[in-house]
Amino acid sequence: MSKDKKPGGKAATDPSAKDTHYATLRRAHRDAKRERGEIPTPQPQKRRRGAEDWKPPALAPDQVHLYGLHTVRAALDNPERKKIKLFVTQNALARLEVDAETLGIPFEIVSPQDIDKVLGPEAIHQGVMLETRPLPVRRLEALKDSPLLLVLDQVTDPHNVGAIMRSAVAFNCGAVITTQRHSPTESGVLAKSASGALELIPYIQVTNLADALGELHKLGFSTIGLDSEGPAALEGTFSGKKVALVLGSEGKGLRQKTRETVNALARLDMPGAIKSLNVSNAAAIALYAARLYLKA
C-alpha cells in the first residue's frame with residue numbers, strides 16, 4: 001500500500017475540509033458584494049420554487065420582520081430598534097458575528113426552510129430573520145438643524161426607496177420624508193433594499209405632503225422639486241443654507257399640488273440621448289449636487 005493512501009484507497013490528506021473552508025470564504029465574499037449592491041441578487045425564478053403556493057402569514061400592525069445578514073446586523077446595533085426575537089441558522093449565526101447569548105433577546109436556531117415559511121421562498125434571507133417593532137415616529141420639527149433633506153412624492157417601489165435611503169445616508173442627509181399613502185411602509189423588503197440604511201436615517205411618513213413642505217419652509221428650508229421639464233438646471237437653483245430636494249413617483253413624477261408648493265422646479269441636465277433616470281439614480285445625483293452647493 002502506498003504511504004500516501006489510507007485503507008480504501010482514499011488520500012491521507014482529505015481535501016474536503018479545505019474545500020469547504022474556501023467555499024465558505026467565497027460565499028461570504030459574494031454575499032458582501034450583493035449587500036453593497038455591486039452584484040445583482042438572483043432572479044426570483046432562479047432562487048426558489050413554490051413561490052406561487054406561498055401565502056404570507058398575518059402580521060400585527062406593530063410587527064416587522066427584518067432579514068439578511070447586513071440588515072439584521074444593523075438593526076441589532078441600533079439602540080432605537082426594539083428587538084423581539086432572532087431566528088437564525090447555525091451557519092448564519094457564525095457569519096452574523098454576534099454572540100447570541102449576550103444580545104439580551106430570545107433567539108432560536110432554525111433551518112432555512114423555517115424562515116422561508118414566514119418570509120416566502122423568494123426572500124434572500126441568508127439564514128437570518130429578526131422580529132422587531134417599527135422604529136419610533138419622528139417629527140419634522142426634529143430636523144430643523146439638518147441642512148439637507150430628501151422628500152419623496154408617492155414613490156411606491158420599496159426597492160427604489162431602499163436604494164434612495166442608501167444614497168441619503170452616503171451624503172449625510174438628515175431624513176427621507178414621504179407620504180403615508182402610496183409609499184412603502186417599514187418592512188423587510190424595504191430594509192433589505194436599504195441594506196442597513198433604514199437604521200441610520202429617519203424615515204418620516206406624513207399625511208399631507210403639501211402641508212409638510214409648508215412646515216419645512218417655516219423651518220428655513222428651500223424646497224426644490226426635480227422635474228425633467230424644470231425651467232433651470234438644478235445646480236443653478238439652490239438658495240439658502242438648508243435644502244430639501246423633492247422627487248416624484250417613478251412614472252408620473254411630481255403631483256400638481258407638489259409642483260405648486262415647492263419653492264422652485266429644476267431639472268437634471270443630461271446631454272446624452274437618454275433624458276430620464278430611475279428615481280434612485282436621480283436622487284443620488286441631486287444629493288451630490290446639493291452637497292457641493294452646501295459646502296461652497
Side-chain angles (χ1 to χ4, degrees), residues 31 34-37 40-44 47-48 51-52 54-78 80-88 92 96 105 110 112 114-138 150-169 173 175-207 209 247 249-250 278-280 283:
D31 288 341
R34 281 182 180 149
E35 292 285 358
R36 296 192 299 268
T41 56
Q43 293 300 311
R47 296 199 301 255
R48 301 283 197 275
E52 64 279 0
W54 177 76
K55 296 293 186 291
L59 295 180
D62 63 345
Q63 189 178 28
V64 178
H65 286 146
L66 305 179
Y67 57 89
L69 289 170
H70 193 69
T71 301
V72 169
R73 193 180 296 119
L76 291 172
D77 289 340
N78 184 4
E80 295 190 358
R81 170 73 71 177
K82 182 173 177 56
K83 282 80 74 171
I84 305 301
K85 187 174 181 179
L86 177 68
F87 302 85
V88 62
L96 196 58
I105 62 171
V110 297
D114 292 329
I115 301 178
D116 286 345
K117 292 175 183 177
V118 179
L119 300 179
E122 294 187 5
I124 306 298
H125 53 70
Q126 299 173 297
V128 60
M129 180 183 75
L130 179 65
E131 182 181 343
T132 78
R133 298 286 182 255
L135 288 167
V137 175
R138 304 291 186 90
L150 195 59
V151 182
L152 305 179
D153 185 8
Q154 297 191 347
V155 178
T156 58
D157 186 348
H159 299 91
N160 273 337
V161 175
I164 288 170
M165 280 187 174
R166 292 183 64 189
S167 295
V169 171
C173 190
V176 174
I177 302 166
T178 187
T179 54
Q180 287 184 347
R181 296 184 61 198
H182 306 294
S183 296
T185 58
E186 186 178 331
S187 67
V189 175
L190 176 62
K192 185 67 164 65
S193 301
S195 192
L198 180 61
E199 310 299 323
L200 301 174
I201 188 170
Y203 181 57
I204 301 175
Q205 293 187 289
V206 298
T207 304
L209 189 60
L247 288 88
S249 64
E250 296 88 344
N278 174 279
V279 64
S280 63

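What you are looking at is a predicted structure, and each value in this text was computed from that prediction instead of being measured. Residue numbers run from 1 in the order of the sequence given.
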Closest non-hydrogen atom pair between [X] and [Y], with its separation:
X: L190; Y: G162; value: CD1-N, 3.7 Å
X: L150; Y: A283; value: CD2-CB, 4.3 Å
X: A92; Y: G127; value: CB-O, 3.3 Å
X: V161; Y: V155; value: CG2-O, 3.7 Å
X: K192; Y: I124; value: CE-O, 3.1 Å
X: I105; Y: I84; value: CB-O, 4.1 Å

Take V72 and L86 through the test side chain to side chain contact (heavy atoms under 4.5 Å, CB included) and record every step on the way to the result. CA-CA 9 Å; V72 169; L86 177 68; 4.0 Å; yes
May I ask you to test the M165-C173 pair for a side-chain heavy-atom distance under 4.5 Å?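 Counting from C-beta outward, M165 and C173 never come under 4.5 Å.
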Partner set under side-chain contact (heavy atoms from CB on, under 4.5 Å) for V169, not counting sequence neighbours: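 Applying side-chain contact (heavy atoms from CB on, under 4.5 Å) to V169 gives A197, L200, I201.
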Using side-chain contact (heavy atoms from CB on, under 4.5 Å) as the criterion, list what pairs up with D157, not counting sequence neighbours.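 Partners of D157 by the side-chain contact (heavy atoms from CB on, under 4.5 Å) criterion, ordered by chain and then number, come out as H159, N160, E250.
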Just to verify, what does [X] make a salt bridge (Lys or Arg N to Asp or Glu O under 4.0 Å) with, not counting sequence neighbours?
X: E131; value: none
X: R81; value: E186, E199
X: K85; value: E108

In Å, rounded to the nearest 0.5 Å, how long is the span from [atom1] of [X] to [atom2] of [Y]?
X: D153; Y: I177; atom1: CG; atom2: CD1; value: 12.5 Å
X: L152; Y: Q205; atom1: CG; atom2: CD; value: 10.0 Å
X: L198; Y: Y203; atom1: CG; atom2: OH; value: 8.5 Å
X: L130; Y: F87; atom1: CG; atom2: CZ; value: 9.0 Å

For S280, check side-chain hydrogen bond (donor to acceptor under 3.5 Å, both in side chains) against everything at least two apart and list the hits.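 S280 satisfies side-chain hydrogen bond (donor to acceptor under 3.5 Å, both in side chains) with N278 only.
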Partners of S183 by side-chain hydrogen bond (donor to acceptor under 3.5 Å, both in side chains), sequence neighbours excluded?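 S183: side-chain hydrogen bond (donor to acceptor under 3.5 Å, both in side chains) contacts with T178, T179.
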Any donor and acceptor pair, going by atom type alone, linking the side chain of [X] with main-chain N or O of [Y] inside 3.5 Å?
X: Q154; Y: S249; answer: no
X: K83; Y: N78; answer: yes
X: R73; Y: L96; answer: yes
X: H70; Y: S195; answer: yes

